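Notes for the one structure printed next.
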Amino acid sequence: MSEMANTDPEGIDAVRMTWNVWPRTKVEASKCVIPLAATIAPIRPHPDIPTLPYAPLRCRTCSAALNAFARVDFVAKIWICPFCYQRNHFPPHYAMISETNLPCELYPQYTTVQYTLQPDPNNPSSAPQLPPVFVFVLDTCMIEEELEFVKSAMKQAIGLLPENALVGFVSFGTQAHVHELGFSDMSKVYVFRGNKEITKEQVLEQLGLGAAGRRPTAGYPKGLQNGFTNTGVNRFLLPASDCEFTLNSLLDELQTDQWPVQAGHRASRCTGVALSVAAGLLGACLPGTGARIVALVGGPCTEGPGTIVSKDMSEPVRSHKDLDKDAAPYFKKAVKFYDSLAKQLVSQGHVLDLFASALDQVGVAEMKVAVERTGGLVVLAESFGHSVFKDSFKRVFKDGEQTLGLCFNGTLEINCSKDIKIQGVIGPCTSLEKKGPNVADTVIGEGNTTAWKMCGLDKSTCFTVLFDVSSTDKSNAPGVANPQLYLQFLTSYQDPEGKTMLRVTTVTRQWVDNAVSSEELIQGFDQETAAVVMARITSLKMEMEVFNNSPDETAYFRMLLNRENITNAAVMIQPSLISYSFNSLPQPALLDVASISADRILLLDSYFSIVIFHGMTIAQWRNMGYQNQPEHQAFAQLLQAPQDDAQMIIRERFPVPRLVVCDQHGSQVGSELNNAESHEPNLQEKWGVMIVAFPFYARFLLAKLNPSATYNNANEMAAGSDVIFTDDVSLQVFFEHLQRLAVQS
Ligand SMILES: *[C@@H]1O[C@H](CO)[C@@H](O)[C@H](O)[C@H]1NC(C)=O
Ligand SMILES: *[C@@H]1O[C@H](CO)[C@@H](O)[C@H](O)[C@H]1NC(C)=O
Ligand SMILES: *[C@@H]1O[C@H](CO)[C@@H](O)[C@H](O)[C@H]1NC(C)=O
Ligand SMILES: *[C@@H]1O[C@H](CO)[C@@H](O)[C@H](O)[C@H]1NC(C)=O
Ligand SMILES: [Zn+2]
């Protein structure tokens, strides 16, 4: 871990590639097995990235932004675009340019630069600084205790929001209630029936925002600068500072859903209608601005559109087996509903975040499409009182170091050298269907385009771009002589302060004719990136059951696998294990029973959980209180080190992982340090399963790549008491195997 902390394999560009030298022809590329792919965290902060207070120069032919790889003729004041070789004249305000007087974007080290596009006060159509918008959609079908947890989390969140942030509130159970916050004398509520699909027009009509009651939105950006002209904004969406009191008293009075629930039945919960209403409200009031629907859900939708299970408890929520056998009667219809909600939200530029807490499934598998396509956040916890929810939720709103830095209204555009085709993007975005010469015929993920919408994104959001090479021969077309290829990523977005930013990252790699230089190809292979990219492609292509997981857990895992950076995604595929002992520095240990020892402490990071495991002797000494005795300071330090490292991981990760602390042969295995309230009798059994479940991806991939290999049965591993750490495929073996496969031809 100490090694990892100091290295930054992504550098200023936050880009990693499966291959760092590229085969030049389609035939050679297809021999590589592992596809040509780049992962990018397009707005990851880096201290060396300059921010420039002007707009970039664009190539007049291909519209690529001027960058460090352009060739410049200082005498003629011309730059040659590395993408299309077009000669471009510098405009007059670049007249002072010379070898010793370069604009920032031409410095060789600034392959990533950022432009602030300031609103122009003389141009009404230029982007104004916009406040962020949050519409909370709160489920009330929960037990009293859970509702109290979630209410207090919401109150805290509203207190943390910037004063100018606009806030709206929808609650739901059997029906959906839209609360008019601008009407402070008395609470005024608009009620929507939960059992019927409702059109956008009906939502607006019922809220009094129909054509008659609404002013045209065309002039709204201007209005935003001097207070809102849109009546819906004044009634339903208020600045946090103005409505905090109203909302707090509203939450104090809010009860659990009072609709009677028959014995043996689930509560009647109209999640789909509530989300439609929230989307309709935002669409009418603030289309095209950064807004998010924050859904807090305590169980499955059982009423109206988006229903995932019937109310009758004797009918269980669908499993992977049901999905495989096509025996999940609600599934397809629900997915279709959330797919259309996704389209509506993307066209409005709005985000859906899902915070779900329940012991059973709530429908993450069905709602995934709406969350992922809008770039929403997702957190799955077992209680709204658990730190996995509480601490994650706080981080969404909190200012300061641990804030997520939520951004809005993002667009990613990619330019590339001739002969490179884009197959698609895996990650939280939607294709904008912008065709061009660089679009491949085969589509993987969100494809058919060179531009993608990211309604929501944050500083750690990561995307995987899949490429293909189209040239079939080494013809004499212009540029073929160039040994370098270029990719440019242009990301525009609204930052947390409401400023419009444009980030431009331009990277270059070398072409090789691998018939003669396969050694070079191998040198440029990034095995960690390759493992993650393969896991993403595999999980995209097949409806695959992860060992002992529910469809909700699988959907959750996939969404996070797709949006995390390579380091974190690698931990999801294969947990990391660090060993702490007296006579050495903390060091990585093999994921194997052999790593357990009485005088060691192990720190297991499986991304969703962090486990601190004390060897028997260590546990005994700790129980005898040696760490409190001055002569045993070294022991106190040994005991503390994994705790500190665990806290460091927890601080940086979203969703916040659960922390489990336990002892070898401990009869009471776990106390969860970050959650004193919850008690879990079967903890060991549970995380024994969990630990085996995630490396399953590695095992699955390996089996897929090499069907002749044999592996132990996962069940054998979970059985024994100490066998929890056992895994047959060490990451090293996995990567070695992947590399062998990747370069064999
Ligand atoms: C949102 O992004 C699009 C595409 O980049 C842009 O045209 C539009 O002006 C942006 N909206 C706002 C309000 O900034
Ligand atoms: C560069 O990107 C722009 C915007 O997506 C597109 O119009 C243009 O064709 C691209 N040019 C190249 C050379 O990829
Ligand atoms: C890509 O676009 C073509 C036509 O432009 C369309 O027929 C095809 O269905 C699209 N593919 C995907 C996966 O969207
Ligand atoms: C990956 O994300 C984590 C936060 O979750 C961060 O601490 C780490 O620095 C990131 N790694 C890289 C290489 O960006
Ligand atoms: Zn160009």
Side-chain angles (χ1 to χ4, degrees), residues 1 4-16 39-41 43-46 57-67 69-71 79-88 117 119 125-133 217 220-222 224 286-291 346-350 395 402 404-405 407-413 415-418 432 434 451-455 458-462 479 486 488 490-495 498-502 506 528-529 532 560 563-572 605 607 648-657:
M1 175 183 310
M4 288 307 296
N6 298 327
T7 58
D8 180 3
E10 300 176 0
I12 191 176
D13 300 323
V15 169
R16 282 179 77 171
T39 64
I40 179 164
I43 62 168
R44 190 184 74 147
H46 192 287
L57 293 187
R58 300 288 198 128
C59 170
R60 65 190 163 105
T61 305
C62 78
S63 81
L66 174 62
N67 59 79
F69 303 106
R71 278 205 288 130
W79 60 279
I80 300 174
C81 172
F83 291 92
C84 70
Y85 306 101
Q86 174 66 51
R87 298 160 67 83
N88 295 278
L117 309 178
S125 72
S126 81
Q129 296 210 351
L130 299 161
V133 185
T217 51
Y220 93 88
K222 192 153 197 223
L224 275 179
L286 296 166
T289 67
V346 169
S347 75
Q348 297 172 186
H350 299 151
R395 218 171 279 180
Q402 277 173 54
L404 291 178
C407 298
F408 292 100
N409 195 36
T411 306
L412 171 69
E413 288 181 86
N415 273 123
C416 34
S417 294
K418 187 174 169 291
L432 283 172
K434 185 171 175 182
W452 294 262
K453 184 81 194 169
M454 306 165 298
C455 301
D458 60 67
K459 57 190 182 183
S460 62
T461 310
C462 181
Y486 301 93
Q488 186 170 74
L490 299 110
T491 311
S492 66
Y493 63 100
Q494 179 187 325
D495 81 359
K499 287 202 298 277
T500 303
M501 306 293 290
L502 173 67
T506 314
E528 197 179 28
T529 302
V532 171
L560 293 171
R563 64 171 292 155
E564 272 300 334
N565 67 29
I566 295 296
T567 319
N568 280 343
V571 170
M572 287 184 212
D605 179 2
Y607 188 83
M648 201 168 79
I649 297 171
I650 290 172
R651 258 202 311 279
E652 300 225 322
R653 188 165 294 167
F654 184 95
V656 171

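Fair warning: this is a prediction, and the values are worked out from it, not measured in the lab. As the structure lists them, so they are numbered: ligands from 1, and atoms in each ligand from 1.
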**Asked** At their closest point, which heavy atom of Ala451 faces which heavy atom of Glu413, and how far apart are they?
**Response** CB-CG, 3.8 Å
**Any residue meeting side chain to side chain contact (heavy atoms under 4.5 Å, CB included) with Arg87, in chain and number order, not counting sequence neighbours** = Ile78, Ile80
**Item:** Smallest separation among heavy atoms of Pro655 and Leu560, with atom names
**Value:** CD-CD2, 3.8 Å
**Fill in**
Note: Glu413, heavy atoms under 4.0 Å from ligand 1, region reported as neither
**Asked** Within less than 4.0 angstrom of ligand 1, does Ser492 place any heavy atom?
**Response** yes
**Message:** On a heavy-atom basis, which atom in Cys407 and which in Ile43 lie closest, and how many Å separate them?
**Reply:** SG-CD1, 3.7 Å
**Atom pair CG (Asp605) and CE (Met572), whose distance is rounded to the nearest 0.5 Å** = 10.0 Å
**Fill in**
Those residues at least two apart in sequence (or on a different chain) that pass side chain to side chain contact (heavy atoms under 4.5 Å, CB included) with Asn568 are Glu564, Asn565, Tyr607, Arg653
**Item:** For Gly288, the ligand 1 atoms whose distance to one of its heavy atoms is below 4.0 Å
**Value:** 11 (N), 12 (C), 13 (C)
**Request:** Can you figure out which of Thr289, Asn409, Thr491 has its heavy atom closest to atom 14 (O) of ligand 1?
**Result:** Asn409
**Prompt:** Does any N or O atom in Glu564 lie less than 3.5 angstrom from one in ligand 4, N or O only?
**Reply:** no
**Message:** If the cut-off is 4.0 Å to any non-hydrogen atom of Arg44, which atoms of ligand 4 fall inside it?
**Reply:** 12 (C), 13 (C), 14 (O)
**Side-chain donor/acceptor of Gln86 to backbone N/O of Cys62, under 3.5 Å** = no
**Item:** Atom indices of ligand 1, in the order listed, that fall short of 4.0 Å to a heavy atom of Lys453
**Value:** 2 (O)
**Item:** Nearest candidate to atom 4 (C) of ligand 4, where distance is taken over non-hydrogen atoms, out of Glu652, Lys459, Arg653
**Value:** Glu652
**Request:** For ligand 4, find out whether one of its N or O atoms is nearer than 3.5 Å to an N or O atom of Asn568.
**Result:** yes
